[in-house]
Amino acid sequence: MQRSSQDVCPPSLIDCAMLRPMAIPVILDTDIGMDVDDVWALAFLLRCPELDLQLVLTECGDTRYAAAVAAKVLLAAGRSDVPVAVGLAQEATPQTHAAWLGDFCLEDYPGVVHEDGMAALREILEAAEEPVTIIAIGPVPNLAALLDKDPALTAKVRLVGMLGSLRRGYLGAPKPMREYNVMKDPAAAARVLGADWPITITPLDSCGDVILDGNRFARLRAALAAEGDPLLAAVLDNHSGWFEAVRDWPLLKDLDPQLSSSILYDTVAVYLAFSHRGLLMERLPVKVDERGRTMIDEAGVVMDCAMGWEDRESFLDLLTERLTERLTEPSAHNSN
C-alpha cells in the first residue's frame, strides 16, 4: 500500500505560473444548483492560477437550470470567457439556488453556451494535444455516456473526482457509506471508475470534514465587507440562500450559517487537480457495486485515493486565502 503526500504544485499564494509554464487544462463536470459546495468549488477553481478552466459541463437533474447557476457565478467572477455546456438531463433534483438565480437565464450569459454539452466535451477532448483533467463533482452520467460513445477518448482524459466512501462515511462515521455522487447513478459511477484513464478521487474519507468556520469564515465576511468582491458575494449569497432552502437536512443540524460554511466536499477535488500536498494518498483497487457502494476490492481498478490529511489546516488556510484574494494577473483572461 503506497502512501504519498507529493504535490504537483505547492499550495501557496506564490504565482505558480512562475513554476509551471502553462496552467493545467481542466473541465468542470458539476451538478451545481443543489448542494452549495459546487458553488464554493467553482469559485475556488476560478481563483487557482494553476488551473485553466476550459468548460463547465452540467450534470444531473435540470441541466439548463444548473448551467444558468454556473453562468451567473462565472459572470460574478468576470469570467464570461469560460463556455458553459448543458449536459444530459436526468430526473428532477431540488433547485435549491433558485432564489439566488432569480430571473437570470442562460440567454443572459454573454459567453458561449453549448446546448449540446456532450458534443462540446468531445470537441475539446478531440482537439487536445495533452490530456485534459476532468474534475467531476457530481454524479457522472455525462462521463459514462462519453465512454459509451467514444471510448478512445480515455487517452485524452485524466479524471479527478469527488466520489465514494472507502473507510469513513458522512460526518466522520467510522465505516463507509453510500456516497451521493455514486449512489445517484451507480451504473454510471461503475462505468467511470472502471474506465482505462488515470483516476484520482477524494472520497468522504478526506473531504467529509472540510468546513470553513471560526476565524476563517470571519475572514470571508470581512473581506466581502471591505472589498465588495462580486465572486465572494455570489458564494456567500448562495451559502445563505441555500441554508434557508435546506434547513432540515440532517447533515446541517449542528451548523450555524452565520458562523460556518457547510461541508465543502468538492473543493478537495479541485485541489487534487493540481496538488496532493498535505493529503494521505493511497493506491487502492476500487469497485462500485449495483447498490452504489464504493469498495476496496482486488477486482477493482487501481486509482489514487485521498484517504485523509497530514495537514488539513494548511488546506483550509489556502482555501480561505484563495477565496479572499483576487488573482493578481487576471489579464490572461477575457473578463468581458
Side-chain angles (χ1 to χ4, degrees), residues 1-12 24 26 28-30 35 37-38 40-41 44-45 48 50-51 131 133-140 143 157-183 189 192-195 197-212 261-288 293-297 300-320 322:
M1 191 174 295
Q2 179 180 350
R3 291 178 180 264
S4 169
S5 60
Q6 293 180 349
D7 62 334
V8 177
C9 183
S12 67
I24 300 166
V26 299
L28 185 68
D29 186 63
T30 174
D35 195 334
D37 63 323
D38 293 71
W40 290 81
F44 179 41
L45 195 166
C48 289
E50 302 90 344
L51 303 176
T133 297
I134 297 179
I135 305 174
I137 56 174
V140 288
L143 303 186
V157 173
R158 168 185 171 239
L159 178 69
V160 177
M162 191 278 109
L163 296 161
S165 166
L166 297 177
R167 296 192 186 118
R168 295 173 58 199
Y170 285 105
L171 299 177
K175 62 179 181 179
M177 295 179 175
R178 291 194 302 162
E179 183 273 320
Y180 175 82
N181 287 344
V182 173
M183 178 179 63
V192 168
L193 291 181
W197 49 23
I199 303 173
T200 302
I201 62 170
T202 171
L204 294 178
D205 307 66
S206 55
C207 67
D209 59 358
V210 172
I211 294 175
L212 295 181
S261 74
S262 57
I263 302 172
L264 305 180
Y265 310 95
D266 294 340
T267 60
V268 182
V270 172
Y271 180 66
L272 277 172
F274 66 92
S275 180
H276 295 173
R277 178 170 289 186
L279 282 157
L280 292 167
M281 303 299 298
E282 297 184 35
R283 293 278 291 170
L284 296 171
V286 175
K287 184 177 180 180
V288 178
R293 296 179 298 177
T294 41
M295 300 173 293
I296 301 172
D297 188 315
V301 169
V302 176
M303 61 191 68
D304 293 313
C305 304
M307 297 302 293
W309 291 93
E310 291 178 325
D311 188 358
R312 186 170 64 93
E313 297 304 303
S314 289
F315 169 70
L316 296 176
D317 287 341
L318 173 69
L319 180 57
T320 304
R322 291 287 171 91

Quiz item: Does the pair T200 and M303 meet the rule for a side-chain contact (heavy atoms from CB on, under 4.5 Å), with working shown?
Solution: CA-CA 6 Å; T200 302; M303 61 191 68; over 6 Å; no
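- Across V270 and A41, no two heavy atoms sit closer than the pair CG2-O, 3.7 Å.
- Classified by interplanar angle (parallel below 30°, tilted 30° to 60°, perpendicular above 60°), the ring pair F315/F44 is perpendicular.
- Atoms CG and CG, from L171 and L204 in turn, are 9.5 Å apart once rounded to the nearest 0.5 Å.
- By the salt bridge (charged side-chain N to carboxylate O under 4.0 Å, His left out) test, D297 is found to be paired with no residue, residues two or more places apart in sequence or in another chain being considered.
- Atom CD1 of I199 and atom CG of L163 lie 9.0 Å apart (nearest 0.5 Å).
- Checked by atom type and distance alone, the side chain of W309 never pairs as donor or acceptor with a backbone atom of G278 at under 3.5 Å.
- When all heavy atoms of G308 and S206 are compared, the pair lying nearest together is N-CB, 3.8 Å.
- Going from atom CD1 of I296 over to atom CD of E282 covers 7.0 Å, rounded to the nearest 0.5 Å.
- No option in L51, V160, L318 other than L318 meets the side chain to side chain contact (heavy atoms under 4.5 Å, CB included) test with Y271.
- To the nearest 0.5 Å, the span separating CZ on R322 from CG on L45 amounts to 10.5 Å.
- Here the shortest heavy-atom pairing between G161 and A269 reads C-CB, 4.2 Å.
- Side-chain contact between T294 and L166: present, with at least one pair of heavy atoms (C-beta onward) separated by less than 4.5 Å.
- In this structure, V182 and A189 approach most closely via the heavy-atom pair CG1-CB, 3.8 Å.
- Counting all heavy atoms, side chain and backbone alike, P176 lies closest to S165 at CA-OG, 3.2 Å.
- Residues forming a side chain to side chain contact (heavy atoms under 4.5 Å, CB included) with R293 (at least two apart in sequence, or on another chain): R178, D289, R291, M295.
- The OH atom of Y170 lies 9.0 Å from the CD1 atom of I263; values are rounded to the nearest 0.5 Å.
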Quiz item: What do the steps show when you test D37 against M162 for side-chain contact (heavy atoms from CB on, under 4.5 Å), and what is the final call?
Solution: CA-CA 11 Å; D37 63 323; M162 191 278 109; 5.6 Å; no
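- A donor-acceptor contact shorter than 3.5 Å is absent between the side chain of R277 and the backbone of S314.
- Residues satisfying the side chain to side chain contact (heavy atoms under 4.5 Å, CB included) criterion with L212, sequence neighbours excluded, are W40, R216, L220, S261, L264, L316, L319, T320, L323.
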Quiz item: Would N181 and V140 count as a side-chain contact (heavy atoms from CB on, under 4.5 Å) if you check the C-alpha gap in whole Å, the side-chain angles of each, and the deciding distance to 0.1 Å?
Solution: CA-CA 7 Å; N181 287 344; V140 288; over 6 Å; no
Quiz item: Hey, mind stepping through T202 and Y265 against side-chain contact (heavy atoms from CB on, under 4.5 Å) and telling me if it holds?
Solution: CA-CA 8 Å; T202 171; Y265 310 95; over 6 Å; no
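- Separating the CG atom in L272 from the SG atom in C207 is a distance of 9.5 Å, to the nearest 0.5 Å.
- Judged by distance alone, with hydrogens and angles left aside, the side-chain atoms of D209 form no donor-acceptor pair with the main-chain N or O of G172 at under 3.5 Å.
- At distances below 3.5 Å, not a single donor-acceptor pair connects side-chain atoms of T30 with backbone N or O atoms of D38.
- Put simply, the side chain of D304 reaches to within 4.5 Å of the side chain of R283, judged on heavy atoms.
- With hydrogens and angles disregarded, a donor-acceptor distance shorter than 3.5 Å links the side chain of R158 to the backbone of A273.
- When atom types are taken as modelled, the side chain of D205 and the backbone of R168 share a donor-acceptor pair closer than 3.5 angstrom.
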